[in-house]
Amino acid sequence: MNVLVCVKRVPQTGGRIVLTPDGQSIDTRFLGFTISPHEECGVEEAVRIVESQGGSSTVLTLGPAEAEDQLRDAMALGIDRAVLLETSGPEWDPVSTAAAIADAIRAQEAANGPFDLILFGNEAADTGDYQVGIRVAVALGRPVINGIKGLAFADRADAAAGAGTRRIALARREAPTGGWETYELPLPAVLGVKEGLNLPRYPSVPGRLRARKKEVERVQLGASPAGATGMGAGEDAASAGEASNAVPGPTKLGLRLPAEERSAAEVIGRGPDAAAAVVDLLERIGVAGR
Amino acid sequence: MSGPVLVFLEHVGPDLDRLSLEAVTFAASLAQSLGSNLEAVAIGGEGSAGLRLPRGVATLHLASDARLEPYAPATWAGVVGAAADAADPAAIVAPGSDRGDEVLAHLAARRGLPFAANVLSVTPGPSWRVVRQRWGGSLLEDAALDAPVRLLSVAPHGVSAAEPTVDAHPEVVAVTPDLDPSELVVRVVGHEPRESAGVSLTEARVVVGGGRGVGSAAGFAQLEELADLLHGAVGGSRVATSLGWRPHTDQIGQTGLRIAPDLYIACGISGAIQHIVGCKAAKRILAINTDPESPIMSVADYAVIGDLSTIVPAISAELRRRRDTAA
């Protein structure tokens, strides 16, 4: 099975976010970078699928030149190939991002054969847009489901294939009212996965060394086609190209930190002697459970 | 006059879920600032026409084709699209739930429209402005959302929710979308009940959360005991679930659950942003931690300083003692 996993380079935020003076981005001078936690599970799942079923795994990202680090991290965990869609300038909006990734997947498949499965994180840790994977799936005309925390495969009789069978992904996610709901997606398919799908491994030293020597295929994309200065809607955007015959956005204007909602905690006690004060508090706010 | 605001609602029987109540409250306020009507779209069988809605919904677009159950994201997006074709809305609002975000993303992709997820507020104008959450809410983004129809989902627990009433009687209009069989391929084909008994983390009035300070899977027994006494639920930080001390379904945080209990008791949790965004909607937070300088203290209302492995059992014992005395 050939698996593609799409990831995004994001800063490794600790206890508190600091912004650049222009309010356009996070001050990352003192931060490391990583990929979103959901995507770490996507990388692990791609490696496991190829380990158990054969085939090949590819990791792809759209981002700055430095995102090569995250591609090498993924290859250190066992991903075979890496593709960097290298961008410059301000961050890309989700519509433009999805259109570029869909184009790149078409090009990859034309050159190297089809992907049976394409994995995304359910949402990126930084922007939380909840849409790039679905947009890519719709552009490619493939079935898609988000929120996946369990994955297996099966072969099903397929009337359209005569006596043949078709590979099905059995995907599981949490139901809104509790418990789990299952979905069946005929391959090729797209999945948005969530942390909890698996427990990602740590990279081995030989894995890191191998990853350092591997090629990263680079595709230069440059600045976002949506333009740096707000993109009006409608015709202007539509004329930008057939592949992104869509209105881009939303357009980031700036970032800011939310107002602090709480002040420092009131210390109501120290050690086990605080138990009485805690139970007084529980009774006062009506949650003592009686 | 501007077109109406159309809000997509999720419900169980006649009752909207909490995030849908937040979405309809948000949509009502947007409709008011536009001076336009509020319309809703829902999917459901018999009885859904009696949905308990807040006041102010003028029209309910209701799709009740049997093939729409169970959930199928692309098809449900088609229903919202068909309602939008009928209503010609200025904006479509959805709850910030798995399904709300998913349905709007499908609709946006099919119609070539932008979609702003996790929105806290919106200001219509020549160019629409939205404030949306990034990093689960620890950062805010000001953005422009310009399109013939503005699609947005409401940040979970980021806005208040109006109470539904029984005397809201919108005009009910049937929606009959064109159902493309290829879009019905991805749908719920099975359902397994929740493994654990008891109250769920998202419904519990009290949640006891444990982090690295709990020390082991076995250490959670003390937290379970306290939660049982309070009729509450136990959750864990990302550290606790990644180390396998708790199942991943119990993770509170940006990549797990967003909870909003009356009281959250954070035990041995330092307070990384990833965790804070999952628990900050709690009405009150009590932190139990050895380190008075840990980041959790800046979001907690109350704190007990010390070792949770002695403090938590002491609280359980005190609860029992008072119960026995009262009895």
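Letters go in sequence order (proteins before strands), and every chain restarts at 1.
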Side chain to side chain contact (heavy atoms under 4.5 Å, CB included) between A/Val247 and B/Asp146, intermediate numbers included: CA-CA 8 Å; A/Val247 184; B/Asp146 293 315; over 6 Å; no
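- Between B/Glu192 and A/Glu181, every side-chain heavy-atom pair lies at or beyond the 4.5 Å cut-off.
- Of the two parts of A/Ile145, the backbone and the side chain both hold a non-hydrogen atom closer than 4.5 Å to a non-hydrogen atom of chain B.
- Considering all non-hydrogen atoms of both residues, A/Pro37 and B/Gln274 come closest at CG-NE2, 4.4 Å.
- A/Thr182 places none of its side-chain heavy atoms less than 4.5 Å from the side chain of B/His191.
- In this structure, A/Glu123 does not pair ionically with B/Arg134, as no charged nitrogen and carboxylate oxygen lie closer than 4.0 Å.
- Comparing A/Gly271, A/Ala275, A/Ala265, A/Gly121 by heavy-atom pairs within less than 4.5 Å of chain B, the highest count is held by A/Ala265.
- A heavy-atom distance below 4.5 Å is found between the side chains of A/Leu282 and B/Leu230.
- We find that B/Asp98 and A/Lys194 are joined by a salt bridge, their nearest charged nitrogen and carboxylate oxygen being less than 4.0 Å apart.
- The closest side-chain heavy-atom distance from B/Trp135 to A/Thr127 is not below 4.5 Å.
- In this structure, CG on B/Leu286 lies 5.5 Å from CD1 on A/Ile268, to the nearest 0.5 angstrom.
- Ion pairing between A/Arg256 and B/Glu141 fails under the 4.0 Å rule for side-chain N and carboxylate O.
- A 4.5 Å side-chain heavy-atom check between B/His106 and A/Asn146 finds every atom pair outside the cut-off.
- The choice from A/Val144, A/Val136, A/Asn122, A/Val10 that makes the most heavy-atom pairs within less than 4.5 Å of chain B is A/Val144.
- No side-chain heavy atom of A/Val267 sits under 4.5 Å from any side-chain heavy atom of B/Val304.
- Between B/Arg187 and A/Glu184, the closest side-chain pair of non-hydrogen atoms is not below 4.5 Å.
- Between B/Glu318 and A/Val278 the shortest side-chain heavy-atom distance does not fall below 4.5 Å.
- For the pair B/Arg132 and A/Asp129, the salt-bridge criterion is met [side-chain N within less than 4.0 Å of a carboxylate O].
- Taking chain B as the reference chain and counting heavy-atom pairs below 4.5 Å, the highest number among A/Ala274, A/Ala137, A/Pro176 is found for A/Pro176.
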